[in-house]
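Working notes, structure below.
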Amino acid sequence: MSDQERRRISGMAPVTSVKEALRSEAPVAALEVRGWVRTRRDAKDFSFLELNDGSSLRNLQIIAKDSLTNYGEIQRLTTGASIRARGPLVASQGKGQSWELIADEIEIVGASDDTYPLQKKGHTPEFLREISHLRPRSNLFGCVFRVRSRLAFAIHQFFQDRGFVYVHTPIITGSDCEGAGELFRVTTIDPQKPPHLPNDGGIDYAQDFFARRTYLTVSGQLEAEAFACALSKVYTFGPTFRAENSNTSRHANEFWMIEPEVAFCDLNGDMDLAEEMVKYLVRDIREKCPDELELFAKFVDKELTARLEFVLERPFQRITYEEAIALLQKSGRKFDFPVEYGLNLQSEHERWLTEEHFKCPLTVFNYPKEIKPFYMRLNDDGRTVTAMDLLVPGIGEIIGGSQREERLDVLEENLRRHKMDRADYKWYLDLRRYGSVPHAGFGLGFERMLMFVTGVANIRDVIPFARTPGSAEF
RNA sequence: UCCAGCGUAGCUCAGUGGUAGAGCGAUCGGCUGUUAACCGAUUGGUCGUAGGUUCGAAUCCUACCGCUGGAGCCA
């Protein structure tokens, strides 16, 4: 909608965002801005107001002259108040900004007072976390959530540009995806008086809402496989729930995950896709959110600019699990946990590899079958599976993926070996029974990617209202 | 869930057995086309909660709660 159209509809001056106003190339006779007052500074016969509307990191400076009819009220404006201001946009006489608005009229929409918790001084992210409903009004969190929005958009753009179909896999699910994490149960059974089975007294879930046990999804992978084996290239992007009692800066109980799944694709194609995507996303954010990245580089992570530069310039390293073990054993480094073929790589091992040895993102692939789930494809060596983890400095695992086992007999053997019930996976086995194809995919933790791009160290600070053990306020 | 650390003013912190402090913020006044303005004054507290030790506890002990970091699990 053009400014003129907006004016015709609203019958008043066109509403301009702070971002648009600051990008102006010439003075404007009259415009209207709306937003929240960040600070007020009084001059001799007028007052400076810093207005922020979230459209940008930057504020618009508003000149409120003492000739305004409500100047007395304006001088009592405190940080946090919401206003509407109308007037001409002119070149600023002061340094620090090129444009400012000379107000002909300022309407106080919602006053604030001295109990407003955000002060015009720095706050720690930990304090701001306690006021999650107000923290998007801070510079840091405004930036985080603008980048979050852009990153989500860039993910869709990446896949849509490449012909992937966006699939909405179920959020309520009957499959537990082979213990990818503890599950949140979904039920309408009254815990005071649950229906019992006739004999052993256990709960009769056949009488529950879905006539079976159901959970919040921990992964859409299995369902995505079904769609990949029809639409060829698909991706999911949605909320994921894990009831793990994890208390770390990298875990949340509700997070968003992106899970591409590609038919006629092997592990190499999968790793190529993962690396291409990570680079694409970094490049997009660098291009589209420069102001935000500048703030992160200044106040959050001094290394950020160099690290992102590095990610774009250098090819990612790629080594097998066996090579990783050999490197760790030769490192001469003393680790708390043993390094031995057949054992999982610990955080300290992954960190050494990506942060100290290679100093760049690293994909480790072909893990021993014993430490990986049933659906991963068995390699010809008979002892490893086509798993891959993409590790990045500072965060660790950001992507986990694999080529899926497409051979019916091998998959059935895997189910037996993992002591899983074939009946629960009938539909999944059908995909191998009818027109089975090699296919592969991975899961990208959206918030972990966002942490990597912004340098923000705690996952709770890249989620609007984070859910973690013992904490579901707001 | 395990290990470690921390809970003192609105915020960030100092205070390690003897009268509860600073900076910032806020409030008031002054100055001023200012930029987290500047100058002066004022305001500010059940020291996380509950017990215990002691003549006396913010300080020592115990339990609990909360937060932070790390581990495991993973994205």
Side-chain angles (χ1 to χ4, degrees), chain A residues 38-50 58-65 75-76 78-80 90-97 100 102 112-131 138-139 177-182 218-221 236-237 239-259 274 299 335-337 344-348 350-351 371-373 389-392 395-401 442-452 457-463 468-471 473:
Chain A
R38 283 295 180 81
T39 77
R40 195 196 75 242
R41 292 181 294 272
D42 291 332
K44 194 168 182 182
D45 44 17
F46 63 97
S47 201
F48 294 105
L49 300 176
E50 294 279 341
R58 308 196 56 191
N59 304 323
L60 179 66
Q61 176 161 289
I62 294 172
I63 309 296
K65 292 185 174 161
Q75 280 197 303
R76 270 178 269 120
T78 57
T79 305
V90 303
S92 177
Q93 296 173 33
K95 297 191 182 85
Q97 62 280 316
E100 63 191 17
I102 311 279
S112 185
D113 65 34
D114 60 8
T115 62
Y116 185 64
L118 289 169
Q119 306 171 353
K120 54 178 174 185
K121 54 168 272 188
H123 284 300
T124 60
E126 289 80 15
F127 169 69
L128 292 170
R129 210 177 286 155
E130 293 168 20
I131 47 168
S138 69
N139 285 340
C177 205
E178 204 257 333
E182 295 293 314
V218 291
S219 167
Q221 180 201 315
T236 74
F237 185 3
T240 308
F241 307 88
R242 305 227 173 137
E244 287 290 336
N245 192 3
S246 310
N247 237 300
T248 82
S249 54
R250 281 161 276 113
H251 291 83
N253 298 111
E254 177 181 320
F255 62 98
W256 284 58
M257 190 157 65
I258 297 98
E259 296 182 289
F299 295 113
F335 295 107
D336 293 336
F337 289 87
N344 265 310
L345 294 179
Q346 302 290 317
S347 285
E348 58 172 351
E350 295 180 345
R351 258 207 313 274
I371 58 173
K372 289 293 176 184
D389 284 349
L390 176 56
L391 313 173
V392 296
I395 293 165
E397 185 179 342
I398 198 169
I399 285 175
F442 61 81
L444 166 75
F446 179 63
E447 284 81 6
R448 287 192 182 171
M449 185 68 207
L450 188 55
M451 291 165 74
F452 183 65
N458 195 311
I459 198 165
R460 299 172 183 98
D461 295 334
V462 296
I463 299 176
T468 52
S471 175
E473 212 193 337

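Not measured: the values here are computed from a predicted model. Within every chain, numbering begins at 1; the chains are lettered A, B, ... in the order of the sequence lines, protein sequences first and strands thereafter.
Look at A:Ser249 and you'll find a side-chain N or O under 4.0 angstrom from OP1 or OP2 of B:G70. Within the structure, every side-chain polar atom (N or O) of A:Arg40 is placed at least 4.0 Å from both OP1 and OP2 of B:A36.
For the pair A:Asn139/A:Arg38, a side-chain contact is recorded, criterion being any heavy-atom separation below 4.5 Å from C-beta on. The side-chain heavy atoms of A:Phe255 and A:Phe446, taken from C-beta on, include no pair separated by under 4.5 Å. Residues A:Glu130 and A:Glu473 form no side-chain contact, since every pair of their non-hydrogen atoms from C-beta on lies 4.5 Å or further apart. Residues A:Leu118 and A:Ile131 meet the side-chain proximity criterion, which asks for heavy atoms closer than 4.5 Å. Contact check for A:Arg41 versus A:Gln61: side-chain heavy atoms found under the 4.5 Å cut-off. The shortest side-chain heavy-atom distance between A:Ser112 and A:Thr79 does not fall under the 4.5 Å cut-off. Side-chain contact between A:Phe48 and A:Ile63 is present, with heavy atoms from C-beta onward closer than 4.5 Å.
Contact annotation for A:Thr240: no contact, since no heavy-atom pair falls under 4.0 Å across all strands. The residue A:Asn458 sits close only to the backbone: its heavy atoms come under 4.0 Å of sugar-phosphate atoms, none of a base. If you check every strand for non-hydrogen atoms under 4.0 Å, A:Thr124 touches sugar and phosphate atoms only. Nucleic acid contact class of A:Gly122 (heavy atoms, under 4.0 Å, all strands): base. Residue A:Arg351 is in sugar-phosphate contact alone, with no base atom involved, counting any heavy-atom pair closer than 4.0 Å across all strands shown. Counting non-hydrogen atoms under 4.0 angstrom, A:Arg38 reaches nothing in the nucleic acid. When heavy atoms are screened at a 4.0 angstrom cut-off, A:Ile399 is found touching the sugar-phosphate backbone but no base atom.
Across the protein-nucleic acid pair, A:Met449 atom CE and B:A75 atom C1' stand 13 Å apart, rounded to whole Å. Between A:Glu130 atom CD and B:C65 atom P there is a gap of 18 Å when expressed in whole angstrom units. Straight-line distance from the CG atom of A:Asn247 to the P atom of B:G69: 9 Å, rounded to whole Å. Separating the CG atom of A:Leu345 from the P atom of B:G72 is a distance of 11 Å, rounded to the nearest angstrom. Rounded to whole Å, the distance from CD1 on A:Ile398 to P on B:A75 is 12 Å. Atoms CG (A:Asn245) and P (B:C3) sit 14 Å apart, rounded to a whole Å. As rounded to whole Å, 18 Å separates atom C1' of B:G72 from atom CZ of A:Phe335. B:C74 atom P lies 10 Å from atom CD of A:Glu350, rounded to whole Å.
Taking atom C1' on both B:A26 and B:A58, the two are 26 Å apart, rounded to the nearest angstrom. Atom name P, nucleotides B:U59 and B:G48: the rounded distance is 8 Å, in whole Å. Taking atom P in both B:G40 and B:C24, the straight-line distance is 10 Å, to the nearest Å. Distance noted for atom C1' between B:U16 and B:C61: 15 Å (whole Å). Separation of the C1' atoms belonging to B:U12 and B:C6 is 14 Å when rounded to the nearest angstrom. With both ends at atom C1', the span from B:U8 to B:C47 equals 4 Å, rounded to whole Å. B:G17 sits 41 Å from B:C39 when the C1' atoms are compared, rounded to a whole Å. Across B:A75 and B:G5, the matching C1' atoms stand 28 Å from one another, rounded to whole Å.
Between the base of B:C74 and the side chain of A:His251 there is a donor-acceptor pair shorter than 3.5 Å. At a cut-off of 3.5 angstrom, the base of B:A75 holds no donor-acceptor pair with the side chain of A:Arg250. Residue-to-nucleotide contacts include no donor-acceptor pair under 3.5 Å from the side chain of A:Ser246 to the base of B:C74. A donor N or O paired with an acceptor N or O is found under 3.5 Å between the base of B:C74 and the side-chain atoms of A:Arg448.
With rounding to the nearest 0.5 angstrom, the CZ atom of A:Arg460 is 11.0 Å from the CZ atom of A:Arg250.
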Let me have a per-nucleotide readout for nucleotides 26-35 of chain B, 5' to 3', with B, S or -, counting only protein heavy atoms under 4.0 Å. SS----BBBB
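Across all strands shown, B:G66 is found opposite B:C6 as a Watson-Crick or G-U wobble partner, with both distances under 3.5 Å. Base pairing analysis places B:A71 opposite B:U1; the two distances defining the Watson-Crick or G-U wobble pair are each below 3.5 Å. Across all strands shown, nothing is found opposite B:A14 as a Watson-Crick or G-U wobble partner with both distances under 3.5 Å. When Watson-Crick and G-U wobble pairs are counted only if both distances are under 3.5 Å, B:G40 pairs with B:C28.
Ranking B:G69, B:C11, B:G72 by closeness to the A:Gln346 side chain, first place goes to B:G72. The side chain of A:His123 lies closest to B:C11 when the candidates are B:C11, B:G72, B:A75. Candidate nucleotides B:A37, B:G69, B:G25 were compared by shortest atom distance to the side chain of A:Gln119, and B:G25 ranks first. Closest contact between the side chain of A:Thr248 and the listed nucleotides B:U12, B:G72, B:U1 involves B:G72.
Annotation: salt bridge (charged side-chain N to carboxylate O under 4.0 Å, His left out) contacts of A:Asp114 (sequence neighbours excluded): none.
Using a 3.5 Å distance cut-off with no hydrogens or angles, the side chains of A:Glu259 and A:Ser219 do pair a donor with an acceptor.
Take the nearest nucleotide of RNA chain B for A:Phe127 and for A:Ile459: the residue whose nucleotide is more 5' is A:Phe127.
Looking only at distances, no side-chain donor or acceptor of A:Arg448 sits under 3.5 Å from a matching main-chain atom of A:Ile398.
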